[in-house]
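Below: the structure, in structure tokens.
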Amino acid sequence: MPTYRAPRGTRDLLPETRAGFSRLEGIARSLALRYGYREMEIPLFEQAAVFERGIGEATDVVEKELFRIAPRTEDSESWALRPEATAGIVRAYVQHGMQALPPPVKLSVVGPMFRYDRPQAGRYRQFWQWSAEAIGDPGPAVDAEVVEMGLRFYKEAGLPDVQVLLNSIGDAACRPAYLETLKTYFSGHEAQLPALDRRRLDTNPLRLLDSKDPAMTALIASAPKMIDRLCEACAAHFTSVRVHLDALGVSYRLEPTLVRGLDYYARTAYEFYRQGAEGQQQALGGGGRYDGLVELLGGRPTPAIGFALGLDRVVLALAETGATVSHEASPLAVIVGADPADTVSRLRVASLLRSEGLSVRAELAPRKLGRQLETASKEQAHFAVIIGDELADGHVQLKDLKAGTQHLVPLADLARDLARAEKTHHHG
RNA sequence: GUGGCCUUAGCUCAACCGGCAGAGCAUCGGAAUGUGGAUCCGAAGGUUAUGGGUUCGAAACCCAUAGGCCACCCCA
């Protein structure tokens with residue numbers, strides 16, 4: 001027999017970990033509700049063209065990380081697992097005529113994404129994101145609202161010190177000219193450029209600003225900044241975004257070298273980092289305005305903005321701060337028996353309590369009573385229901401494992417007594 | 001995709017120069033057949049990631065593969 005294991009870059013979320021993810025998903029759903037984003041689902045895979053066109057052929061996400069599905073037959077369509085949710089959400093928005101809904105259409109998706117890159121801690125081939133999109137609002141107020149919602153997510157998750165890095169990357173009116181300026185600037189220093197960055201000069205000059213090569217630091221520092229060369233409309237938009245952020249009390253750091261990896265972004269761009277870890281490559285989340293994407297995927301020109309927050313990285317960050325990410329619920333009571341062999345009575349009582357909506361575990365292993373109780377306390381159950389000879393006249397022993405007390409209870413009252421106690425029972 | 005470090009029981013780790021594969025925790029059982037988190041005793045758990053090679057002898061040395069991690073690339 002071969003030994004099987006989860007594919008590279010994927011992981012099993014075991015119950016302890018899954019509980020932490022569920023908690024984060026709960027916060028995301030709660031925030032979506034509070035901010036007016038409606039939850040939806042999109043397929044885990046799409047026609048590859050949705051990503052190729054939407055995200056951009058030349059981006060790393062499409063060029064090297066797209067998780068393509070081998071076609072089943074020669075004439076079947078080319079599919080790919082979703083590397084992010086925005087393109088799929090916008091595809092659905094166009095497909096279902098949501099342009100007819102009063103704007104903005106605010107949508108939320110939580111689920112796994114797939115990217116075929118080399119795994120590391122916090123970097124997986126299957127990872128979880130919360131994605132929120134406000135489609136049909138040109139901003140700038142909604143830009144600030146989205147950033148604030150992201151920040152609130154981290155705060156409620158238990159990461160109060162998340163830092164916002166903010167930039168404007170211009171739009172079709174001013175970015176092309178800026179790119180030329182940038183190209184000219186770096187071309188003038190071509191001899192100093194590392195090989196990789198020399199190649200970027202043609203393919204993606206914006207990325208030069210992001211280079212971590214020490215030889216580039218001085219060059220980048222004195223390079224022309226997009227933020228200084230925004231057209232009037234973009235500059236006014238950015239100023240207003242900042243005014244709104246200030247009004248909300250959201251602090252942020254201007255990061256003129258912040259660029260985004262996906263082609264569809266324009267104007268507002270931002271990323272979330274742990275305080276003190278801003279320089280690291282692992283963003284907790286990021287987002288921006290993508291005013292051209294709806295049109296790119298076949299809809300009418302429609303402005304939009306959104307973000308994607310990485311749940312895996314939040315869990316990782318919480319673990320690093322030593323915080324308890326989450327705990328699983330423990331049963332209110334465990335049904336144990338004096339006669340190890342009498343699983344019938346234990347199961348019957350458990351079934352009775354469960355039908356009353358109570359969370360109980362029946363000990364079905366034929367172990368002696370001491371061992372049954374031992375396991376019950378180890379799993380943090382509040383009560384043990386001990387079944388013995390008293391059952392003959394309709395009674396059981398109800399033992400409070402936390403308090404160490406015990407008394408005889410008529411079986412008829414058991415559910416009521418436990419339900420009353422549940423109010424004070426802290427699961428876990 | 002590039003470079004580097006790592007992989008021994010379910011988990012965390014030992015094993016001196018290449019010479020008997022071990023401990024703690026967890027699990028199961030006994031002390032204690034109707035009373036729990038403590039204690040004592042015991043059991044079970046291993047193709048030393050996988051496949052080759054060197055050697056009288058390999059967990060250890062060499063090669064390949066897989067997986068994990070770190071730095072890039074890039075992002076969540």
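Lettering of chains follows the sequences in order, A, B, ..., and the numbering in each one begins at 1.
- Atom C1' of nucleotide B:U33 and atom CD of A:Q372 are separated by 12 Å, given to the nearest angstrom.
- Listed by first residue number, the stems of RNA chain B with at least three Watson-Crick or G-U pairs below 3.5 Å are B:1-7 with B:66-72, B:10-13 with B:22-25, B:27-31 with B:39-43, B:49-53 with B:61-65.
- Cation-pi geometry between A:R125 and A:Y116 is met: the NZ or CZ atom falls under 6.0 Å from the ring centre, inside 45° of the normal.
- Checking B:A76, B:G68, B:G37 against every side-chain atom of A:E374, the shortest atom distance belongs to B:G37.
- Atom CG in A:L14 sits about 11 Å away from atom P in B:C11, given to the nearest Å.
- Between B:U2, B:A76, B:G34, one nucleotide has an atom nearer to the side chain of A:R118 than all others, and that is B:U2.
- When distances are taken from the side chain of A:L401 to each of B:G36, B:U35, B:A76, the shortest belongs to B:G36.
- A side-chain donor from one of A:Y35 and A:E148 sits under 3.5 Å from a side-chain acceptor of the other.
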**Message:** Would A:R115 and A:Q126 count as a side chain to side chain contact (heavy atoms under 4.5 Å, CB included) here? Give the steps.
**Reply:** CA-CA 7 Å; A:R115 288 185 200 179; A:Q126 176 176 347; over 6 Å; no

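- Within the 4.0 angstrom heavy-atom criterion, no nucleotide atom of any strand lies near A:G287.
- Rounded to whole Å, the C1' atom of B:C20 lies 27 Å from the corresponding atom of B:C6.
- Between the CG atom of A:D117 and the P atom of B:A71 there is a distance of 14 Å, rounded to whole Å.
- Heavy-atom distances to RNA chain B give each of A:G122 and A:G404 a nearest nucleotide, and the one nearer the 5′ end belongs to A:G404.
- Here the straight-line distance linking atom CZ of A:F45 with atom CH2 of A:W79 works out to 5.5 Å at 0.5 Å rounding.
- In summary, the side chains of A:E363 and A:Q372 do not present any donor paired with an acceptor at a separation below 3.5 Å, with no hydrogens or angles considered.
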Please list every donor-acceptor pair under 3.5 Å in which a side-chain atom of residues 5-12 of chain A meets a protein atom from a residue at least two apart or in another chain.
{"from": "A:T10", "atom 1": "OG1", "to": "A:P7", "atom 2": "O", "distance (Å)": "2.7"}
{"from": "A:R11", "atom 1": "NH2", "to": "A:D312", "atom 2": "OD2", "distance (Å)": "2.8"}

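- Between A:R367 and B:G29 there is a side-chain polar atom (N or O) within less than 4.0 angstrom of OP1 or OP2.
- Residue contacts for A:L309: at a heavy-atom cut-off of 4.0 Å it reaches no nucleic acid atom on any strand shown.
- The A:K378 side chain lies nearest to B:U27 when the options are B:A76, B:U27, B:G34.
- Atom NZ in A:K64 sits roughly 13 Å away from atom P in B:C72 (whole-Å rounding).
- A salt bridge links A:R34 with A:E156: the distance from a Lys NZ or Arg NE/NH1/NH2 to an Asp or Glu carboxylate oxygen falls below 4.0 Å.
- Listed pair A:R8 / B:A66 fails the phosphate criterion, with no side-chain N or O lying under 4.0 Å from OP1 or OP2.
- With rounding to the nearest 0.5 Å, the separation of CG in A:L24 from CG in A:L309 is 10.0 Å.
- No engagement by A:D339 is indicated, since no non-hydrogen atom pair under 4.0 Å with the nucleic acid exists.
- Rounded to an integer number of Å, the gap from CG of A:D389 to C1' of B:G34 is 8 Å.
- Ranking B:C69, B:G36, B:G34 by closeness to the A:A121 side chain, first place goes to B:C69.
- In terms of polar N and O atoms assigned as donor or acceptor, the side chain of A:K368 never comes within less than 3.5 Å of the base of B:U33 in a complementary pairing.
- Nucleic acid contact class of A:Q126 (heavy atoms, under 4.0 Å, all strands): none.
- Rounded to whole Å, atom C1' of B:A76 lies 6 Å from atom CZ of A:R115.
- Comparing B:G34, B:G68, B:G1 by their closest approach to the side chain of A:R123 singles out B:G1.
- Note that NZ of A:K399 and CG of A:L373 are 6.5 Å apart. Values are rounded to the nearest 0.5 Å.
- You'll find the ring centres of A:Y154 and A:F272 inside the 6.0 Å limit.
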Sub-3.5 Å pairs of nitrogen or oxygen atoms, protein against nucleotides 42-51 of chain B:
none

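- Among the nucleotides B:C73, B:G36, B:G34, the one closest to any side-chain atom of A:I386 is B:G34.
- Summarising the geometry, the separation between CG on A:L391 and C1' on B:G34 is reported as 14 Å, rounded to the nearest angstrom.
- Using a 4.0 Å heavy-atom distance criterion, A:G285 is classed as a sugar-phosphate-only contact.
- Note that CZ of A:R23 and CG of A:L311 are 11.0 Å apart. Values are rounded to the nearest 0.5 Å.
- Taking atom P in both B:G68 and B:G45, the straight-line distance is 29 Å, to the nearest Å.
- B:A21 and B:C16: their P atoms are spaced 13 Å apart (whole Å).
- Checked by distance alone, A:S377 brings a side-chain donor or acceptor within 3.5 Å of a matching partner on the base of B:G36.
- Side-chain proximity of A:Q120 to B:U35, B:C72, B:A76: nearest is B:C72.
- For A:K399, the side-chain atoms get nearest to B:U35 when compared with the rest of B:U35, B:C28, B:G37.
- Note on A:Q406: a base of the nucleic acid sits closer than 4.0 angstrom, heavy atoms only.
- Within a 6.0 Å radius of NZ in A:K183, more than 12 heavy atoms belonging to other residues, nucleotides or ligands are found.
- Listed nucleotides B:G30, B:G34, B:A76 differ in distance to A:R371; the shortest reach to its side chain belongs to B:G30.
- Between A:Y154 and A:A6, the residue anchored nearer the 5' end of RNA chain B, judged by the nucleotide with its closest heavy atom, is A:A6.
- Separation of the C1' atoms belonging to B:U35 and B:G24 is 29 Å when rounded to the nearest angstrom.
- Here, B:A59 and B:U50 have their C1' atoms 14 Å apart, quoted to the whole Å.
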